Amino acid sequence: MERAVLQITLFGLLLALAATQPNKDDWDIYSFHINSTVTSRYATTVITSRMANRMDESKEIEFHVRIPKNAFISKFRMFIDGQVYDGIVKGKEKARQQYTEAVSRGQSAGLVSSVGRTLEEFKTSVTVAAHKKVTFELTYEELLKRRLGKYELQIHARPMQPVKSFKVDVHIHEESGINIVEVKGGLALADAINKTHADNEVWVNFYPTEDQQKTCTSCGEQGLNGDLVIVYDVNRDSGLGDIKTSAGYFVHHFAPSSLTRISKNVVFLIDRSGSMHGKKMQQTRLALIHILNDLSEDDHFGLITFDGSISYWKRELVQANQRNLESAKIFSRNIRESGATNINSAVLEGASLLNAHPREDSASILILLTDGDPTSGVTNLEQIQSNVRVAIADEFPLYCLGFGFDVNFEFLEKMSLQNNGVARRIYEDSDADLQLKGFYEEVATPLLIDVTMSYEGGTNLTQTVFSQYYNGSEIVVAGQITDNDIGTFTPQVVAISSSKKMTFSNPNGTVESTGTESADHIQRVWAYLTVKQLLEKELLLSGAEKENVKREALELSLKYSFVTPLTSMVVTKPEGGDTEVLHKPKEGEAPQTGSRHPNIGSSGSVMHTSGTRQGHLARVMHTSAGSVMHTSGARQASPGARQGLPGPPAYGYGGMDLSSIQPKDSGLRSTQLNAERVFSASILTMIQRDYTVHVQVDEAPTQVHATIVPATDNIPVSHRFLLKTENQSLPLCFDVTGDVRLKLLHHPTSELSVHGELDSVSNGGFRRIVIQLNADLYVDVEVNKITVREGSRITHHTGQDPITAGSWTIIRRDKDIDVAGGDTHLVILIQGKDAQSFLWPVLRQQSSDSAEGILALNPVYEEVPQTPTTKLRIKDQEIDVTRANAADYSISPPLTLDCWLLSADSALQRRLEAFIV
């Protein structure tokens with residue numbers, strides 16, 4: 001009987017099973033229509049996708065679209081076989097049971113996730129019978145915000161295949177008249193776009209043919225993938241602005257023209273800490289020089305840089321004349337990064353600089369740019385916020401720009417809102433300098449300060465007091481008209497211009513109703529704006545006030561069916577199908593992806609082996625603990641054993657524990673496996689340095705013979721890990737000894753896992769990082785090579801060309817590797833020691849509270865001074881510690897930091913074995 005010999009190498013980090021993901025070739029999107037209606041800057045967009053299962057068996061069909069982050073989903077429905085399945089918006093607490101049940105069954109949950117800068121991703125799927133059809137319909141609403149003199153309606157289209165009937169219809173109606181309109185974006189195919197502009201209305205129709213869907217700037221054989229952006233503005237006057245009323249509600253758009261600019265006093269606070277090293281600082285210097293070029297001669301400005309200490313360009317505000325600007329540019333070019341991050345002192349010094357040099361008829365602005373949490377000086381976030389509120393005292397706005405994903409964006413957002421400003425994330429990208437410059441341009445030209453909007457006869461008003469109004473922006477206020485009596489409704493705006501107090505009012509003394517046809521529209525604008533502002537207000541409050549605001553926002557969200565951070569939409573599918581729960585992500589929140597493969601264990605991964613014999617494969621199932629390390633036999637010093645811990649669980653084959661195999665000779669072990677357990681499937685080969693398994697498959701096949709060969713022991717080395725802490729004096733550090741594979745990150749509710757294999761460099765880092773993106777997609781990162789495994793396809797990359805893996809992008813540079821998908825961002829730094837290179841992963845962004853693993857840890861402790869030793873209290877336990885130091889490999893070049901050294905179990909608050917793969 002002829003035999004084929006298969007050599008199988010097992011890797012203990014992650015081993016993948018080809019998941020049964022929907023095959024896009026199995027269905028046909030025969031109609032994809034997007035209809036967007038904009039009335040008075042409020043857009044309601046409906047995406048309708050009609051799909052057919054052309055196969056002779058039931059298939060899972062996926063609906064996958066992207067919508068603006070600023071939007072609220074308000075309706076989702078599916079039409080299947082004459083039945084309508086509606087999504088129902090509920091409070092998160094009431095939806096929690098459905099959510100928990102869905103997750104426990106391994107079904108999809110959390111269908112909306114952040115994608116990039118401006119978009120969120122909505123994804124769901126349903127099983128459709130053979131030769132049947134399904135229609136998906138999603139509705140979302142948003143109030144368009146005016147920036148730099150224009151509104152932008154962004155429509156993203158990515159059906160993933162050319163569509164026979166593809167249509168985008170946009171209708172814009174603005175009662176005051178539309179003065180400019182432009183269509184742009186990657187989908188702006190001139191031959192497929194028809195634009196009609198008639199006074200106060202615009203129609204845009206985009207009907208590309210199937211051939212045209214393959215030829216646009218960002219298209220290909222898989223059809224359209226890009227944005228259609230309609231840019232417009234309306235006619236304005238220098239008066240009260242545009243007021244719409246109907247059925248007891250009003251919306252007021254205020255953006256007066258022909259005003260004289262107010263000179264400004266601006267102080268820039270630039271973070272120069274070690275984490276700003278490299279491209280961040282280069283782009284900051286470049287943006288700062290551009291901004292200095294744009295200052296007007298009647299402006300006054302100051303520059304402060306900070307790390308653990310504060311440095312002034314000048315200790316006073318100076319005029320933006322040519323001589324001062326040239327001196328400031330030289331200072332900017334010479335900013336160098338190093339040290340810690342003292343945000344508290346920087347902001348207080350900036351406020352002091354503005355307060356010490358008041359100028360009449362001018363507008364003061366404080367702009368903070370940072371990429372990290374406070375690590376020096378005052379590090380308690382609430383204390384910093386309190387100090388800043390006292391220092392600024394409502395005299396001027398604070399704008400916080402958070403660079404990248406290390407930054408605590410919620411802290412910056414709260415501090416900005418407390419001081420009449422806003423926070424903006426600056427994305428680490430090639431255009432980061434343009435993002436910085438673009439934000440400055442939004443606040444570069446103040447036209448009014450101390451703007452107060454009053455409405456006699458109005459109630460339930462949104463925000464009515466604004467510190468400044470800038471050229472190119474717009475103030476929007478909405479509310480209800482008391483007793484729906486428009487005769488007693490009198491709006492007025494009072495503000496200070498460049499030289500005088502100004503009052504804007506309606507010269508006729510009355511406001512006319514716009515009619516009943518837009519009654520629901522005006523009311524929904526009020527609800528949308530109210531919910532948005534209540535969510536911001538809730539961030540600033542605590543105790544009973546916070547709960548009251550939260551309850552009010554929840555009630556409005558439920559009444560108007562908005563999917564907000566306080567509500568969920570429960571999507572019930574046909575009988576026997578999934579129940580899914582749709583959430584609105586917060587800024588920076590990680591995506592929660594779809595269902596697990598049914599064969600995946602609690603670790604979220606399944607292992608199987610490579611090699612075929614006439615289409616047959618040997619398959620080994622992963623244990624529920626997620627371990628693939630052998631516990632008995634030749635290799636005596638397993639990673640767990642060297643830590644003085646119990647050995648990890650064994651893996652088995654079809655219920656047979658391979659650890660029970662008796663030695664064949666000289667420590668070799670072999671066994672026979674029943675041939676019925678051999679099956680055909682797509683597989684991956686991974687590398688495992690502890691054991692090599694030789695498998696023989698009979699031609700029939702009737703038997704599988706496995707021989708396990710122990711590898712040679714390495715000399716154990718010690719690695720010191722640093723756990724950075726919030727609001728604490730020193731980070732924690734602990735040692736791990738031996739050739740260990742560690743669980744760095746895992747989400748119980750998603751398929752993302754990150755595991756790392758430690759290098760042989762003492763006190764170094766990792767030789768390999770393996771990232772599981774979904775059930776059949778893995779990225780294996782080594783110092784000199786990146787391997788992407790998708791199903792049975794394996795590709796190796798050694799250059800610096802961007803790599804696409806599903807919805808993820810991997811970018812390799814000289815000293816780091818970016819892995820980004822949705823709002824998850826992992827940077828793997830390439831560090832060096834003793835002439836050897838190794839890897840060090842840094843989690844730039846991941847906001848899920850359920851994340852597990854070393855990268856997700858955020859330890860909190862309290863110092864308990866003792867003589868002669870020091871103790872830390874962690875979760876009610878007092879632990880002996882000693883002061884030591886450790887290299888911080890999360891920045892490049894690394895810094896050596898003082899730390900509290902304690903045992904691994906104490907630092908992790910769990911047995912180390914829980915983090916060993």
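We use all heavy atoms of the structure for the numbers below, so side chains are in, but hydrogens, waters and symmetry mates are not. Keep in mind that what you see is a predicted model, and the values were worked out from it rather than measured.
Atom CD1 of residue I522 and atom CD1 of residue I243 lie 11.0 Å apart, to the nearest 0.5 angstrom. Taking CG from N235 and CG from N200, the interatomic distance works out to 9.5 Å, rounded to the nearest 0.5 Å. In this structure, CG on L138 lies 5.0 Å from CD1 on I73, to the nearest 0.5 angstrom. Expressed to the nearest 0.5 Å, how far NZ of K244 lies from CD of E175 amounts to 5.5 Å. Taken to the nearest 0.5 Å, the CG atom of L401 stands 9.0 Å off from the CZ atom of F409. Distance CZ/R146 to CD1/I475: 11.5 Å, rounded to 0.5 Å.
Ring pair F63/F76 is parallel by interplanar angle, where below 30° counts as parallel and above 60° as perpendicular. Aromatic ring pairs are classed by plane angle as parallel below 30°, tilted from 30° to 60° and perpendicular above 60°; the pair H173 and H171 is tilted.
Under 4.0 Å is where a charged nitrogen must lie from a carboxylate oxygen, and between R524 and E141 at least one such pair does. Comment: K145 does not engage E442 in a salt bridge, judged by the lack of any side-chain N to carboxylate O separation of less than 4.0 angstrom. Of the charged side-chain nitrogens involved, none lies within less than 4.0 Å of a carboxylate oxygen, so that K69 and E120 do not count as a salt-bridged pair. Using a 4.0 Å cut-off between charged side-chain N and carboxylate O, E441 and K437 make a salt bridge. Between D81 and K133 no salt bridge is recorded (no basic side-chain N to carboxylate O distance below 4.0 Å). Under 4.0 Å is where a charged nitrogen must lie from a carboxylate oxygen, and between E152 and K150 no such pair does.
Side chains of T564 and S557: a donor on one and an acceptor on the other come within 3.5 Å. Residues K195 and N205 have side chains that never bring a donor and an acceptor to within less than 3.5 angstrom of each other. Side-chain polar atoms of S165 and H33 form a donor-acceptor pair below 3.5 angstrom. Judged by distance alone, the side chains of D56 and H131 do bring a donor and an acceptor atom under 3.5 Å apart.
The shortest side-chain heavy-atom distance between H64 and F122 does not fall under the 4.5 Å cut-off. With a 4.5 Å cut-off on side-chain heavy atoms, V229 and V183 do not count as touching. Contact check for V563 versus Y140: no side-chain heavy atoms found under the 4.5 Å cut-off. I810 places a side-chain heavy atom less than 4.5 Å from the side chain of V779. Counting heavy atoms from C-beta outward, L228 and I34 have side chains that stay 4.5 Å or more apart. In this structure, the side chains of Y528 and N70 come closer than 4.5 Å at one or more pairs of heavy atoms. Inter-residue side-chain proximity for L529 and V476 is flagged as met; some heavy-atom pair is nearer than 4.5 Å. The shortest side-chain heavy-atom distance between L773 and W808 falls under the 4.5 Å cut-off.
Here the shortest heavy-atom pairing between P565 and L535 reads CD-CD1, 3.8 Å. Summarising the geometry of G91 relative to L558, their closest heavy-atom pair is N-CD2, 3.4 Å, with the distance given to 0.1 Å. Heavy atoms only, all atoms of each residue included: S58 and A129 are closest at OG-CA, 3.6 Å. Looking at every heavy atom in both residues, A157 comes nearest to L187 through CB-CD1, 3.7 Å. The shortest heavy-atom contact between E428 and G404 is OE2-CA, 3.5 Å. Annotation for H197 and I178: closest pair NE2-O, 2.9 Å, computed over non-hydrogen atoms.
For Y85 and F79, the gap between ring centers reaches or exceeds 6.0 Å. Aromatic rings of H521 and Y42 (six-membered ring for Trp) have centroids within the 6.0 Å cut-off, being under it.
Looking at R66, Q154, R158, K184 one by one, the single match for side chain to side chain donor-acceptor pair (under 3.5 Å) with D227 turns out to be Q154. Shown are I172, V38, I230; of these, the side chain to side chain contact (heavy atoms under 4.5 Å, CB included) with L144 is made only by V38.
Residue K75 places its NZ atom among 12 or fewer non-hydrogen atoms of other residues, nucleotides or ligands, all under 6.0 Å distant. More than 12 heavy-atom neighbours from other residues, nucleotides or ligands sit within 6.0 angstrom of CD on E182.
Between the side chain of N179 and the backbone N or O of V234, at least one donor-acceptor pair lies under 3.5 Å. For Q435 (side chain) and Y427 (main-chain N/O), a donor-acceptor pair under 3.5 Å exists by modelled atom type. In this structure a side-chain-to-backbone donor-acceptor pair under 3.5 Å is present from Q161 to I29. For N53 (side chain) and V128 (main-chain N/O), a donor-acceptor pair under 3.5 Å exists by modelled atom type. Side chain of N774 to main chain of L777: a donor-acceptor pair is present (N/O by atom type, distance under 3.5 Å, no hydrogens or angles). In this structure, T530 contributes its side chain and T462 its backbone to no donor-acceptor pair below 3.5 Å. Judged by distance alone, the side chain of R147 and the main-chain N or O of S473 form no donor-acceptor pair under 3.5 Å. With hydrogens and angles ignored, the 3.5 Å screen pairs no side-chain donor or acceptor of D429 with any backbone N or O of D431. With hydrogens and angles ignored, the 3.5 Å screen pairs no side-chain donor or acceptor of S36 with any backbone N or O of T45. When atom types are taken as modelled, the side chain of Q212 and the backbone of T209 share a donor-acceptor pair closer than 3.5 angstrom.
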(request) Before giving the answer on side chain to side chain contact (heavy atoms under 4.5 Å, CB included), spell out for I811 and I803 the whole-Å C-alpha distance, their side-chain angles and the decisive distance to 0.1 Å. (result) CA-CA 6 Å; I811 301 175; I803 304 165; over 6 Å; no
(request) Using the side chain to side chain contact (heavy atoms under 4.5 Å, CB included) rule, take Y151 and L153 through it: C-alpha gap first, then chi angles, then the decisive distance, then the call. (result) CA-CA 7 Å; Y151 305 99; L153 175 68; over 6 Å; no
(request) Go through the steps for M78 and D86 under the test side chain to side chain contact (heavy atoms under 4.5 Å, CB included), then give the verdict. (result) CA-CA 7 Å; M78 296 180 292; D86 281 301; over 6 Å; no
(message) Could you go through K59 and E57, starting from their C-alpha distance and side-chain angles, then the distance that decides it, and tell me whether this counts as salt bridge (charged side-chain N to carboxylate O under 4.0 Å, His left out)?
(response) CA-CA 6 Å; K59 286 293 177 183; E57 59 183 353; 3.2 Å; yes
(request) Would you sort out whether Y232 and V202 count as a side chain to side chain contact (heavy atoms under 4.5 Å, CB included), showing the intermediate values? (result) CA-CA 9 Å; Y232 77 95; V202 169; over 6 Å; no
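Cation-pi contact between K164 and F32: absent, since separation from the ring centre below 6.0 Å together with deviation from the ring axis within 45° is not met. Stacking of K167 on the aromatic ring of Y207 is recorded, both the 6.0 Å distance cut-off and the 45° axial limit being met.
Within the structure, every pair that satisfies the salt bridge (Lys or Arg N to Asp or Glu O under 4.0 Å) test and touches residues 29-53, not counting sequence neighbours, is listed here: R41-E174, R41-D242, R41-E474.
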